[in-house]
Amino acid sequence: MSSRIHSTAVVDPTAELAEGVEIGPGAVVGPGVRIGEGTRIGAGAQIEGPTILGAENRVYPHACIGFDPQDLKFAGEETRLEVGCRNTFREFCTVHRGTGKGGGLTTVGDDNLFMVYTHVAHDCHVGSRTVFSNGGTLAGHVVVDDDAVIGAYSAVHQFCRVGRHAYIGGYSKIVQDPLPYAKSVGDKASYYGMNRIGLERKGMDAESLGRVERALRILVRGPRRLEEALELVATELGGHPEVDYLVEFVRGSERGVIRNLPLRRGRAQSG
């Protein structure tokens, strides 16, 4: 099946469209754009290049994908956006290309859901199967690992990394790295326990759930010095893929990880 382009859409002659691409009324596809098989571009959506969209993506009306980064250091150098397959970009979602000094590349994996008014800034790298609720926002240079959830109207500070299966509650301010498998919530985000419901829905088995829960408890409520807690986790629970990833994630953190507990009855319950 050939591509279907509405008569009011504007498609640059250099854009490459695979079989089965649909472009709706008033949509704009600029130069340097490649769109994979079966992708649908909604009314009034705009795609700028250099941008690659894989197969079976859905771009809803008025989303803007692949535009220049919002960075004062950007001087018009050629940078890219690369998007995988089967992603959904809802209305007014924005995803920007990279910057020359930030690596020149923004990436999005497969099977992600970006709800209304979400924003992925320059030089971000989003994995697969993530969910961004309405208004969820990434600053530049953020990494979001697979299966994470960004809550509604939450903002992630530049250079943070969001761990696998992390859950960020709505209206949270993230200035350090949210732990994998954990819930982080609040204006100054705190640790709210393991993301048990999310992990069970993703099919994590009982043994893995138990190991991850014990590892998180040690990291948050165990020794005050993080390195001591990490050594204890590695010694008692290491050799398991989820636990080993958790240890690697914490050791590789550049901004520090969220391990403070929420305030209760006027006192900080720190681990």
Side-chain angles (χ1 to χ4, degrees), residues 3-6 8-18 21-36 38-100 102-126 130-142 144 150 152-156 158:
S3 298
R4 293 191 293 179
I5 303 173
H6 193 273
T8 62
V10 178
V11 179
D12 189 273
T14 65
E16 300 179 24
L17 309 183
V21 170
E22 298 181 19
I23 300 179
V28 178
V29 177
V33 174
R34 290 166 50 192
I35 301 179
T39 290
R40 292 184 287 170
I41 311 298
Q46 298 193 43
I47 317 293
E48 288 289 322
T51 290
I52 298 173
L53 291 177
E56 299 180 9
N57 289 291
R58 180 75 189 275
V59 181
Y60 276 73
H62 304 293
C64 292
I65 309 297
F67 277 71
D68 290 352
Q70 298 177 121
D71 189 315
L72 293 175
K73 298 185 295 298
F74 180 69
E77 64 270 21
E78 182 169 311
T79 59
R80 309 188 316 283
L81 167 65
E82 297 181 0
V83 176
C85 300
R86 299 175 303 280
N87 297 287
T88 298
F89 300 95
R90 292 302 306 249
E91 298 86 343
F92 300 99
C93 175
T94 52
V95 184
H96 290 168
R97 302 193 317 277
T99 61
L105 177 65
T106 302
T107 62
V108 174
D110 303 324
D111 301 298
N112 298 288
L113 170 58
F114 298 90
M115 296 186 192
V116 173
Y117 286 110
T118 54
H119 176 63
V120 177
H122 59 87
D123 305 296
C124 287
H125 300 286
V126 178
T130 68
V131 175
F132 284 61
S133 297
N134 293 14
T137 297
L138 304 183
H141 313 280
V142 171
V144 180
I150 311 296
Y153 303 103
S154 292
V156 183
Q158 58 260 39

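This is a predicted model, so every value here is computed, not measured.
Checked against the 6.0 Å centroid threshold, H125 and H141 do not count as a close aromatic pair.
In this structure, L81 and E48 have side chains that are not in contact, with every pair of non-hydrogen atoms separated by 4.5 Å or more. Side-chain contact between I5 and V29 is absent, with no heavy atoms from C-beta onward closer than 4.5 Å. V126 has its side chain out of reach of V95: every pair of non-hydrogen atoms, C-beta onward, lies at least 4.5 Å apart.
Distance CE/M115 to CZ/F132: 11.0 Å, rounded to 0.5 Å. Here the CD1 atom belonging to I47 is positioned 13.5 Å from the CD1 atom belonging to I52, to the nearest 0.5 angstrom. The distance from atom OG of S154 to atom CG of L138, rounded to the nearest 0.5 Å, is 10.5 Å. Taking CD1 from I150 and CZ from F114, the interatomic distance works out to 9.5 Å, rounded to the nearest 0.5 Å.
Other residues, nucleotides and ligands contribute at most 12 non-hydrogen atoms within 6.0 Å of the OH atom of Y117. Shown here is E77, whose CD atom has more than 12 heavy atoms of other residues, nucleotides or ligands within 6.0 Å.
Between A139 and C124 the shortest heavy-atom distance is O-SG, 2.9 Å. Taking both residues in full, the closest heavy atoms of D12 and G30 are given as CB-C, 3.6 Å, listed atom of the first, atom of the second, then distance. Contact detail for P69 and H122: the closest heavy-atom pair is CB-CB, 3.4 Å. For the pair F89 and A63, the tightest heavy-atom approach, listed with the atom from each and the gap, is O-CB, 4.4 Å. The minimum heavy-atom distance between L17 and S3, with the atom names listed, is CB-OG, 3.7 Å. Residues G135 and T118 approach most closely at N-CG2, 3.9 Å, considering heavy atoms.
Listed by chain and number, the residues in a side-chain contact (heavy atoms from CB on, under 4.5 Å) with Q70 are H96, H119 (sequence neighbours excluded).
The stretch residues 50-60 participates, sequence neighbours left out, in these side chain to side chain donor-acceptor pair (under 3.5 Å) pairs: N57-N87, R58-Y60. Screening residues 81-94 for salt bridge (Lys or Arg N to Asp or Glu O under 4.0 Å) gives R80-E82, R86-D111 as the qualifying pairs, with residues at least two apart or on separate chains.
N112 places a side-chain N or O within 3.5 Å of a backbone atom of T130 that can act as its donor or acceptor partner. For the pair T79 (side chain) and G98 (backbone), a donor-acceptor distance under 3.5 Å is present. When atom types are taken as modelled, the side chain of S133 and the backbone of Y153 share no donor-acceptor pair closer than 3.5 angstrom.
Considering D68, D123, T106 in turn, D123 is the only one that fulfils the side-chain hydrogen bond (donor to acceptor under 3.5 Å, both in side chains) rule with T99.
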